[in-house]
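Here is the structure we will look at, set down as structure tokens.
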Amino acid sequence: MSTTSDDHAAAGDLLAVLRDILGPAEEPIQLHEPEFAGNEWAYVKDCIDTGWVSSVGKYVDEFERRIAELTGARHAVAVANGTAALHVAMILVGVRPGDEVIVPSLSFVATANAVAHSGAIPHFVDSNERTLGLDPDALDAHLQQVAEKTAGGVRNKVTGRRIAAVAPMHTFGFPVDLARLLEVAGHWDLPVVEDAAESLGSTYQGRHTGTFGTVGTLSFNGNKVVTTGGGGAILTNDPEIGRRAKSITTTAKRPHRWEFFHEEVAFNFRLPNINAALGCAQLERLPGMLARKRKLAAAYRQRLEGVSTLQMVDEQPGSAGNFWLVAVRVLNADMAVRDKVLGLVNDAGYHCRPVWTLLHRLPMYASAPRAPLPCAELLEARLVNVPSSPALTSRLK
Ligand SMILES: *Cc1c(COP(=O)(O)O)cnc(C)c1O
């Protein structure tokens, strides 16, 4: 527990850090802003000039090709948003109504919603203090306790339901301990869906996040590293899953010049060409944006060294983050201290935010099965994100 003087120390310390790094906030400084400084306008204009604005067009194919090239995934399918990508990913790995899917409680609501959209129930497991992602050892210990292997798959002995998949999420772009996680999932024969919505450009042992699981998903929402306005992608190395991903996100229509024949109940989750055009231009600028985000993170890291109340969340050995959102630990804080810190810096014009309310606290997931979540609860009270837009490097001294 912190004392009152500690509260003021952490809040004042963070404000001093922000002022030193970013200068005075004459205008409010946003948490993360998109940047359109390359071919964005030219490509979007091309869509309008040629009339190819909707669900068919050359930019969709080109965007998928570029995502595959960038991530190293054999197949990339562009879709309407990251939640749709996750929803379809659940179906692709065989999640069925009435199943359970392991997800971290510390995540954006989409991770659990995608499970619910597929008719399944999220089953919450704790996060790791260092990676901020699903903790493989906590997962293993929990499965040892509640699960058993049967002919029909992994069965939750408490609820009687099948546990059908594990969906880790790379929080703020920091990769989870994928080697250990794949080992645990492999031991239980559970497919892995990687929610890589926040980790475009992040690698684990040199390989892009989202390409380790059976299926991985990306988001191109307006607040992410790269934006298409709204958009997402499904990644896989499995040709059959790749084919099916394309089919069930495009109404499962059999290609034909005039006939409308649909093979199954499917989705219209297409990414429009005009959004893909924006994405193509954004991807061209990704390396530059990542370099500037890294430079900004280095400035925060250097300034935070020696501040006794605060600690920067950083990359783990073998991992490279994209520093989508720089995250700072307010040491020993509880929720009240955290909110005091946030109040002071937001009042001063620096838009900082806490992590999401833990998913098991949301009304629709309050009765979902869960493991003990001590680390997620500590992280919820201590983590604060600070302004992280690539454009902010122009304010560095
Ligand atoms: C952004 C995000 C998504 C997907 O969000 P959309 O807005 O649907 O593109 C999914 N999971 C996490 C963890 C995210 O941060």
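Counting starts at 1 for both ligands and their atoms, following the listed order. Residue numbers start at 1 and run along the sequence shown.
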- Item | Atom NZ of Lys295: over 12 foreign heavy atoms under 6.0 Å | no
Could you check ligand 1 for N or O atoms lying under 3.5 Å from protein N or O atoms and list the pairs with distances?
unit_1	atom_1	unit_2	atom_2	d
ligand 1	8 (O)	Gly82	N	3.3
ligand 1	8 (O)	Thr83	N	2.9
ligand 1	8 (O)	Thr83	OG1	2.5
ligand 1	9 (O)	Gly82	N	2.7
ligand 1	9 (O)	Ser219	OG	2.7
ligand 1	11 (N)	Asp195	OD1	3.4
ligand 1	11 (N)	Asp195	OD2	2.8
ligand 1	15 (O)	Glu198	OE2	2.6
ligand 1	15 (O)	Lys224	NZ	3.3

- Message: Check for me whether Lys253 meets the cation-pi criterion with Phe260, that is, NZ or CZ under 6.0 Å from the six-membered ring centre and within 45 degrees of the ring axis.
- Response: yes
- Task: Give a yes or no on whether Val215 and Leu218 share a hydrophobic cluster (residues Ile, Leu, Val, Met, Phe, Trp, Tyr; joining criterion: side-chain heavy atoms under 4.5 Å apart).
- Result: yes
- Between Arg180 and Asp137, is there a side-chain N and carboxylate O pair less than 4.0 Å apart? yes
- Message: Measuring from atom OG of Ser319 to atom NE2 of His170, what distance do you get when rounded to the nearest 0.5 angstrom?
- Response: 9.5 Å
- Heavy-atom pair of closest approach, residues Pro168 and Leu181: CG-CD2, 3.4 Å
